[in-house]
Protein chains: 2
Amino acid sequence: MSTRAEQKLKTRQNILNAAVKVMNEDRGLAALSLREVAKEAGIAPTSFYRHFETLEDMGLELVKAASAALHQIIKDARLTQADSQQDMVQKVVHVTMDHFRENGPLIRVLAREAMGSSRILRRAIKKELQLIKNEITDLIAYESKKHQRNITDPELVADAILDVMFYTCVSAINMPYALQKDAERRLVHHIRAIYIGAETMANTLHIERQLMLS
Amino acid sequence: MSTRAEQKLKTRQNILNAAVKVMNEDRGLAALSLREVAKEAGIAPTSFYRHFETLEDMGLELVKAASAALHQIIKDARLTQADSQQDMVQKVVHVTMDHFRENGPLIRVLAREAMGSSRILRRAIKKELQLIKNEITDLIAYESKKHQRNITDPELVADAILDVMFYTCVSAINMPYALQKDAERRLVHHIRAIYIGAETMANTLHIERQLMLS
DNA sequence: TAATATAGCGCACAGATGTTAGCTAAAATG
DNA sequence: CATTTTAGCTAACATCTGTGCGCTATATTA
């Protein structure tokens with residue numbers, strides 16, 4: 001029974017939680033103080049080094065955690081089904097915003113550091129978001145085939161949707177409830193526009209090709 | 001002849017330039033040191049106070065400058081005309097990315113601080129972007145009327161376009177040229193999708209209304 | 001020309017920061 | 001049970017931070 005490793009994991013998690021907490025009180029990773037994180041985590045400043053080599057190192061761990069949360073969202077989105085009340089887009093958006101609210105602090109860190117100070121972190125985040133994009137691409141391709149809709153370039157659609165969902169949701173989690181609902185409504189509209197636009201473009205292209213052949 | 005006021009304005013500008021320079025070497029405003037800015041501007045640390053009360057105060061000035069750059073972009077977009085080589089969207093996107101490249105450092109600061117540490121700055125930036133959005137809304141309404149296209153809700157379209165242009169351009173200005181061109185291509189596609197999507201939705205709604213009335 | 005205002009400077013202080021070195025209790029290991 | 005490993009601590013350092021105080025040169029003003 002490794003009481004020791006257990007405890008180590010626990011304080012490690014304490015450090016990560018502390019960092020997220022402090023960073024959500026208006027700080028980027030670069031403006032973070034090792035001492036403050038340590039204090040918040042309830043350990044001595046020097047003990048931090050028993051777990052991470054540097055703050056940036058710890059930041060990478062946070063990115064990993066946030067990324068896991070995003071992957072979970074997609075997992076849930078896959079299970080989503082349209083019903084009589086709401087169509088697919090509405091439901092997926094709703095599910096997503098719920099997740100964002102739930103993991104708000106963590107994802108906010110991701111969003112902040114995506115344009116933040118550390119080149120290494122930016123790279124890491126970009127890489128993670130690329131993975132997410134691939135998953136969304138698959139999802140869109142699968143769904144559009146399933147419903148026999150014509151999306152010629154699901155990757156472009158996925159790209160657009162990821163961008164817009166990510167930034168809208170991140171900025172929405174600071175808002176009061178009413179404004180959040182409004183953001184959600186606009187987000188649904190936006191995504192639908194992307195979707196329909198891509199489809200219409202695909203069809204137009206299709207018709208153009210037919211005309212050229214005839 | 002106010003040699004004095006002139007000089008003051010000059011060092012003030014030096015400070016702002018210094019701040020932008022330092023911030024583009026991987027720092028948020030919060031991670032900025034007054035002393036370093038002063039050194040970069042070529043003045044003593046304490047002289048900073050002759051121009052700004054605090055770093056945040058200076059940040060607000062930077063936001064103002066960046067905002068002016070954005071307004072200039074829209075002014076140029078208004079003058080843009082489609083030609084035989086490129087359609088309107090392509091040209092506007094191109095013009096915009098040029099501007100972003102030109103004012104890259106300044107706009108990057110805006111983008112970073114939009115999710116940055118200072119609540120006051122975030123507010124200010126949000127407000128400026130709102131003004132930009134209004135201008136885009138007008139532009140779209142005007143253009144769609146001029147070309148007799150059917151956009152029921154230009155504000156929603158403007159909203160979507162601003163978001164996607166802003167974040168795409170900001171992330172693009174770090175990229176090598178080839179990738180920038182790719183980003184530009186995707187951006188054009190994305191905006192076109194939004195546009196066509198909104199139009200298609202408007203027409204569908206129109207048809208639905210007609211059906212309901214008949 | 002005499003008086004005033006001010007942009008700039010150096011000095012100094014108190015506090016915060018990252019990091020090293022060395023100690024200790026207690027868990028893990030043999 | 002004896003030994004080793006290690007997560008945690010305190011003390012201490014050199015460095016950097018914002019900022020207050022008082023001086024000076026010089027442009028402006030009366």
Side-chain angles (χ1 to χ4, degrees), chain A residues 1-62 109 112-113 116-121, chain B residues 1-62 113 116-121:
Chain A
M1 221 160 291
S2 65
T3 320
R4 198 151 206 173
E6 233 172 58
Q7 182 58 32
K8 183 167 187 182
L9 221 73
K10 213 169 166 182
T11 55
R12 180 190 171 90
Q13 195 55 49
N14 282 345
I15 293 177
L16 291 174
N17 291 341
V20 171
K21 184 175 174 190
V22 174
M23 288 175 89
N24 272 278
E25 285 162 4
D26 264 341
R27 297 270 232 311
L29 185 79
L32 212 59
S33 125
L34 182 154
R35 288 179 117 101
E36 196 173 3
V37 173
K39 184 188 276 184
E40 183 69 42
I43 59 172
T46 48
S47 300
F48 179 90
Y49 293 104
R50 302 282 184 205
H51 300 269
F52 302 100
E53 288 214 349
T54 136
L55 274 176
E56 202 172 55
D57 185 26
M58 184 204 67
L60 286 172
E61 212 63 26
L62 288 180
V109 166
R112 182 166 295 177
E113 297 307 319
S117 305
S118 158
R119 217 163 293 185
I120 293 180
L121 243 73
Chain B
M1 219 160 290
S2 64
T3 320
R4 196 150 208 174
E6 232 173 58
Q7 182 58 33
K8 182 166 188 181
L9 220 72
K10 214 169 166 182
T11 55
R12 181 191 171 89
Q13 195 55 50
N14 282 345
I15 294 177
L16 291 174
N17 291 341
V20 171
K21 183 176 173 190
V22 174
M23 289 175 88
N24 272 278
E25 285 162 4
D26 265 341
R27 298 266 233 313
L29 185 79
L32 213 60
S33 126
L34 181 153
R35 288 179 117 101
E36 195 174 3
V37 173
K39 183 187 277 185
E40 182 70 41
I43 59 170
T46 47
S47 299
F48 179 91
Y49 294 106
R50 300 284 185 204
H51 300 270
F52 303 100
E53 289 214 349
T54 134
L55 274 175
E56 201 172 55
D57 186 26
M58 184 204 66
L60 286 172
E61 212 62 25
L62 288 180
E113 297 308 318
S117 305
S118 157
R119 216 163 294 185
I120 293 178
L121 244 73

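Excluded from the calculations below are hydrogen atoms, water molecules and symmetry mates; all remaining heavy atoms, backbone and side chain alike, are included. Just so it is clear: chains get the letters A, B, ... in the order the sequence lines come, proteins before strands, and each one is counted from 1.
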For nucleotides 15-19 of chain C, give me every protein contact, N/O to N/O, under 3.5 Å, one pair per line with atom names.
unit_1	atom_1	unit_2	atom_2	d
C/dT17	OP1	A/S33	OG	3.1
C/dG18	OP1	A/L34	N	2.9
C/dG18	OP2	A/L34	N	3.3
C/dG18	OP2	A/R35	N	3.3
C/dG18	N7	A/R35	NH1	2.4
C/dG18	O6	A/R35	NH1	3.1
C/dT19	OP2	A/Y49	OH	2.6
C/dT19	O5'	A/Y49	OH	3.3

[X] [atom1] to [N] [atom2]: how many Å, rounded?
{"X": "B/F48", "N": "D/dT19", "atom1": "CZ", "atom2": "P", "result": "9 Å"}
{"X": "B/F52", "N": "D/dG18", "atom1": "CZ", "atom2": "P", "result": "15 Å"}
{"X": "B/M58", "N": "D/dG18", "atom1": "CE", "atom2": "C1'", "result": "14 Å"}
{"X": "A/K8", "N": "D/dT5", "atom1": "NZ", "atom2": "P", "result": "15 Å"}
{"X": "B/E56", "N": "D/dT19", "atom1": "CD", "atom2": "C1'", "result": "17 Å"}
{"X": "B/Q7", "N": "D/dA25", "atom1": "CD", "atom2": "C1'", "result": "14 Å"}
{"X": "A/E6", "N": "D/dT6", "atom1": "CD", "atom2": "P", "result": "18 Å"}
{"X": "A/K10", "N": "D/dG8", "atom1": "NZ", "atom2": "C1'", "result": "16 Å"}

Do A/R27 side-chain atoms and A/A19 backbone N/O form a donor-acceptor pair below 3.5 Å?
no
Flag, side chain of A/E113 to backbone of A/L29, donor-acceptor distance under 3.5 Å:
yes
Would you say that A/Q7 contacts A/K10 through its side chain, given a criterion of any heavy-atom pair below 4.5 Å between the two side chains?
yes
Within-4.5 Å side-chain heavy-atom neighbours: B/N24 and B/V20
yes
Scan the side chains in residues 45-56 of chain A for donor-acceptor partners under 3.5 Å anywhere in the protein, sequence neighbours excluded, and list what turns up.
unit_1	atom_1	unit_2	atom_2	d
A/H51	NE2	A/T11	OG1	3.4
A/T54	OG1	A/E56	N	2.9
A/E56	OE2	A/S118	OG	2.5

Report yes if at least one side-chain N or O of A/S47 is closer than 4.0 Å to OP1 or OP2 of D/dC9; otherwise report no.
yes
For A/A41 and A/I15, the nearest pair of non-hydrogen atoms, with its separation, is CB-CA, 3.8 Å
For C/dT6, does the base pair up with any side-chain atom of B/R50 as donor and acceptor (N or O, under 3.5 Å, distance only)?
no
